[in-house]
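Position 1 is the first residue of the sequence; numbering continues from there. Atoms within a ligand are numbered from 1 in the order they appear, just like the ligands themselves.
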Amino acid sequence: MNNKTKKNEMSWDSYDSERLKKLDLGKIKTPAYIIDEFILEKNLKILADVRKKTGCKILLAQKAFSAYSTYPLLRKYLDGVCASGLNEAMLGRDYFNKEVHVFAPAYSDEDFDKLVKISNHIILNSCSQLERFKKKIKQIKNVEFGIRLNPEYSEIEVELYNPAARYSHMGLRIEDLKGIDLSIVSGFHFHVLCEQNSDTLERVLKKLEKKFAKYLILPNIKWVNFGGGHHITRQDYDVDKLCKLINNFKLKYKKQVILEPGEAIGLNAGILVSSVLDIKQNEINIAIMDTSATAHMPDTLEMPYTPKIIDAGKSGEKKNTYRLVGATCLAGDVIGDYSFNEKLKIGSKLVFSDMANYTMVKNNTFNGINLPSIYKYTKKGKIMLIKSFGYKDFKDRLS
Ligand SMILES: Cc1ncc(COP(=O)(O)O)c(C=O)c1O
């Protein structure tokens, strides 16, 4: 989830702003997401290096980023996709066309039957699902099945994003494994990280091993999927430690390691450009934007966090402070308070950074607001419109 731990931080260090400055925003019809292929590839090269040094598999977590027009680039560096259910699995099969690994909290019979035809790994979340599909699993030859473990340890502070929180429905705890037949599974999966560095992974692995070691050594277990939340492409991420952890784990348990990051792939590789529609005052200056917190960047309200804007300061830091709000009826559709050197005008364009992850996949058309167009910023510096949205897209979701 976008910027979960970086709330209110406004530095631009990790951004390739020279490239961004060359962008002719005048040509962009707002609101619009712009995916930067150069930064995407920069991230992918870091991940490819981890694959090379460890032999682990790295999958794209499509729940974070599934702009499939970029899949031809992504598939050069990654092993495949992970999917949160049937539709993402189909997208991965159709457009990525490498490995497809699926985890969902529960599967219907109908989805399960379709998934076994297009997936390489299917991960189950409960004993009862294992029991329900046991007969079929025994008959299926070319799909490997796994179960998700809950290590009951996580350093995620926000409950909304914590799969190891008390009462969590994610994964099986150690006591849930008692007496269950694991002979039909080939692997384990866990996911308890969120925008975290490899020191957190180290502590998670310690807890996992302490609880589940006797299961990790089972000969039928071929792989362990370490989930997502590894912020590998962030500047301060300790990649060497990650490689050491993976290599040690492989040496100790002789298992294939799989990572399924989302954020690390699209980190800083997308911006959202938005225009000021109107300016008004109510004790403070308010700029009404053609984008929306609730419709186009829902994590800003769910988390909550304040997205970064290029060349903007925090409230009061620069000469002109504004509250930026969205163009929907929700009174709380507030993006945040920012300050600028120049006064904002109707038509001023603002650039929100790090908007590829979780934003493009979670947006909606609340109030009939248009979804932002999608542009690609190519490595050669060309700006290409991939898709724009209108009345038909809004209407097609309704009945
Ligand atoms: C099971 C699973 N795998 C992978 C991910 C991707 O995580 P991230 O985008 O933080 O790397 C998530 C995110 O919620 C997840 O739930």
Side-chain angles (χ1 to χ4, degrees), residues 1-7 40 43-44 46-47 50 56-67 74 78-85 88-89 91-92 96 99-107 115 119-126 129 146-151 154-165 168-172 187-198 200-201 204 208 223-234 237 239 242 257-270 298-299 302-303 305 354-362:
M1 279 109 235
N2 213 8
N3 278 332
K4 283 181 294 268
T5 54
K6 293 178 288 174
K7 46 185 174 170
L40 206 51
N43 291 342
L44 290 165
I46 296 171
L47 298 171
V50 173
C56 77
K57 287 187 179 174
I58 304 190
L59 310 170
L60 160 72
Q62 293 180 108
K63 69 189 74 191
F65 180 76
S66 43
L74 270 61
L78 304 173
D79 295 279
V81 299
C82 80
S84 326
E88 282 188 4
L91 191 76
F96 211 101
E99 291 188 27
V100 175
H101 297 215
V102 196
F103 165 79
Y107 303 99
L115 280 167
S119 309
N120 299 82
H121 287 187
I122 298 180
I123 293 144
L124 304 167
N125 190 41
S126 71
Q129 286 257 301
I147 54 170
R148 177 164 171 167
L149 304 176
N150 177 356
S154 158
E155 297 176 9
I156 299 170
E157 283 165 15
V158 180
E159 286 292 277
L160 184 67
Y161 297 118
N162 185 1
S168 171
H169 60 287
M170 297 299 186
L172 283 86
F188 294 125
H189 174 282
F190 66 88
H191 169 79
V192 289
L193 298 180
C194 175
E195 290 188 346
Q196 274 150 331
N197 213 317
S198 39
T200 307
L201 175 65
V204 167
L208 183 94
W223 44 266
V224 180
N225 184 326
F226 288 9
H230 317 270
H231 229 192
I232 304 168
T233 52
R234 199 174 74 204
Y237 189 90
V239 178
L242 171 72
V257 170
I258 303 163
L259 307 180
E260 46 181 42
E263 284 219 21
I265 291 166
L267 192 65
N268 290 320
D299 276 352
E302 277 181 23
M303 179 50 203
Y305 81 96
D354 201 9
M355 281 290 160
N357 288 322
Y358 290 103
T359 308
M360 299 176 71
V361 289
K362 284 178 100 176

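The shortest N or O to N or O distance between K63 and ligand 1 is under 3.5 Å. Residue H230 has no nitrogen or oxygen atom sitting less than 3.5 Å from a nitrogen or oxygen atom of ligand 1, judged on distance alone. Considering backbone and side-chain atoms together, E195 places no N or O closer than 3.5 Å to any N or O of ligand 1. Distances between N or O atoms of G262 and those of ligand 1 include at least one value under 3.5 Å. In terms of polar-atom proximity, A61 is not counted as a contact of ligand 1, lacking any N or O under 3.5 Å from an N or O of the ligand.
Each of the following atoms of ligand 1 lies closer than 4.0 Å to a heavy atom of H189: 1 (C). Taking a cut-off of under 4.0 Å to the non-hydrogen atoms of G229, the atoms of ligand 1 that pass are 7 (O), 8 (P), 10 (O), 11 (O).
Ligand 1 is approached by P261 to a heavy-atom distance shorter than 4.0 Å.
Counting heavy atoms under 4.0 Å from ligand 1, residue Y358 touches it through the side chain alone. With a 4.0 Å cut-off on non-hydrogen atoms, R148 touches ligand 1 through its side chain and not its backbone. No part of H231 comes within 4.0 Å of ligand 1, judged by heavy-atom distances. Residue E260 touches ligand 1 through backbone and side chain together, judged by heavy-atom distances below 4.0 Å.
Considering L59, V81, L115, I122 in turn, V81 is the only one that fulfils the side-chain contact (heavy atoms from CB on, under 4.5 Å) rule with V100.
Taking the side chain as every heavy atom from C-beta outward, E302 and K362 approach each other to under 4.5 Å.
Applying the salt bridge (Lys or Arg N to Asp or Glu O under 4.0 Å) test to E99 and every residue at least two apart in sequence or in another chain returns K57. Residues satisfying the side chain to side chain donor-acceptor pair (under 3.5 Å) criterion with N225, sequence neighbours excluded, are E260.
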